[in-house]
Amino acid sequence: MNTDQQTVRLCAQGMAAEAEGRDDDARDLFREAWDSAGDDYEACVAAHYLARQQPTPEAALHWNRTCLELADRVGDARVAGFRPSLHGTIGRARLDLGRPAEARYHFEAAADALGTLPAGPYADWLRLCVARGLRTTGAATDGTDTATTTGAADGGGYEHGYADGPLRPLLALLCERADLEALSLLLPPYTGNLHRPEDEERLTTALRMLHAERRLPEAEQALLGEAIGLRAAAGAA
């Protein structure tokens, strides 16, 4: 974004106020940015930040929808990276309003748009948020029935289907032993699984790499092998 633009400068100041815990000042600066916007792109940027400082899900939904409408009007590369976050936050707001079917539509749209983001911590964090939304709102995004959802009230369920029988106790054992190396390999593809073929392959690959090391205690190694076998059988079905 062009920091020479007044709207962008005001949003940057608002972000600084937000980081310092001055939410009222942040909201005023984002509103000033909205009022100063000279075109749809600047208004889109301001609406994005205004949505972050709303007191209710209804108000957050309004500003996020406004931002998405403006992004659609702009329609060029400048707003491509906004879409994963926009759809994700709209999904969250609709979920907070008790509309899970509508929320799921936006979580799926966010998943589709994640590829527009450069690799890095922000993309990783957003993937986790989107995956949580998909878990909370239903079955696998590819339309299969291999996934089920538990813990929907708090988004805490990790019932991803055929692999979770052995995977959940395996992860519990790894946590109990604080095996950080194994956890750092398995948790990102597990918690960030969007149930697309490439995501399933990423998780299977991580399981196979850890299994090939043959360094886990016997019980954990057996669970690992069982998880791989179940995934292979499901893939061949």
Side-chain angles (χ1 to χ4, degrees), residues 84 87-88 91 100-101 103-121 123-237:
H87 281 292
R104 183 162 189 85
Y105 168 84
H106 287 284
F107 288 132
E108 289 182 342
D112 289 339
L114 282 172
T116 64
L117 298 176
D124 294 342
W125 167 78
L126 192 53
R127 169 177 281 272
L128 291 176
C129 293
V130 172
R132 185 188 310 123
L134 291 171
R135 287 195 302 272
T136 303
T137 53
T141 58
D142 62 5
T144 68
D145 59 1
T146 58
T148 59
T149 300
T150 62
D154 60 4
Y158 286 94
E159 288 296 335
H160 288 169
Y162 47 79
D164 268 36
L167 256 183
R168 294 191 72 180
L170 171 62
L171 290 170
L173 290 170
L174 293 173
C175 288
E176 185 178 339
R177 290 197 301 104
D179 189 334
L180 300 184
E181 288 187 7
L183 289 168
S184 68
L185 178 65
L186 297 184
L187 284 178
Y190 181 67
T191 58
N193 189 354
L194 304 177
H195 295 288
R196 309 295 171 91
E198 60 271 23
D199 294 300
E200 299 292 356
E201 180 59 30
R202 189 177 300 116
L203 178 54
T204 299
T205 298
L207 292 167
R208 285 174 173 162
M209 288 191 296
L210 184 60
H211 189 269
E213 290 186 352
R214 300 192 179 279
R215 68 172 181 79
L216 299 184
E218 183 177 350
E220 295 175 18
Q221 194 74 19
L223 288 171
L224 194 53
E226 183 183 348
I228 293 169
L230 286 172
R231 296 180 72 81

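We're numbering straight along the sequence, starting at 1. Every heavy atom of this structure was used, including side-chain atoms; hydrogens, water molecules and symmetry mates were not.
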* Asked: Which atom names give the shortest non-hydrogen contact between Q221 and R215, and what distance separates them?
  -> OE1-N, 4.1 Å
* Between the main-chain N or O of G192 and the side-chain N or O of R127, is there a donor-acceptor pair closer than 3.5 Å? -> yes
* **Nearest-0.5 Å distance that lies between atom CG in L128 and atom OH in Y190** => 13.0 Å
* Can you measure from CD1 (I228) to NE2 (H211) and round to the nearest 0.5 angstrom? => 5.0 Å
* **Test side-chain contact (heavy atoms from CB on, under 4.5 Å) applied to E213 and L210, step by step** => CA-CA 5 Å; E213 290 186 352; L210 184 60; 3.8 Å; yes
* Structure fact -> Smallest heavy-atom separation, L203 atom then L186 atom, equals CD1-O, 4.3 Å
* To do: Please test L194 against L114 for side-chain contact (heavy atoms from CB on, under 4.5 Å), starting from the C-alpha separation and ending with a verdict.
  => CA-CA 11 Å; L194 304 177; L114 282 172; 3.5 Å; yes
* To do: Report the residue from L173, D179, L174 that forms a side-chain contact (heavy atoms from CB on, under 4.5 Å) with E176.
  => L173
* Structure fact -> When every non-hydrogen atom of G88 is compared with those of A110, the smallest separation belongs to N-CB, 3.8 Å
* To do: Check whether more than 12 heavy atoms from other residues, nucleotides or ligands sit under 6.0 Å from atom CD of E198, and answer yes or no.
  => yes
* Asked: Roughly how far, to the nearest 0.5 Å, is NE2 of H106 from CG of D112?
  -> 12.5 Å
* Shortest non-hydrogen separation from R231 to T204 and the atoms involved -> NE-OG1, 2.7 Å
* **Non-hydrogen atoms of P166 and L223 that approach each other most closely** => CB-O, 3.5 Å
* Structure fact -> Of all heavy-atom pairs linking P188 and L183, the shortest is CD-O, 3.9 Å
* D199 pairs by side-chain contact (heavy atoms from CB on, under 4.5 Å) with which of H195, E201, R196? -> R196
* Structure fact -> Rounded to the nearest 0.5 angstrom, the SG-CG distance for C175 and L180 is 9.0 Å
* **side-chain contact (heavy atoms from CB on, under 4.5 Å) evaluation trace for L216 with R177** => CA-CA 11 Å; L216 299 184; R177 290 197 301 104; 3.7 Å; yes
* Structure fact -> In this structure, CG of L224 is separated from CZ of R214 (nearest 0.5 Å) by 9.5 Å
* Are there more than 12 heavy atoms of other residues, nucleotides or ligands under 6.0 Å from atom CD of E181? -> no
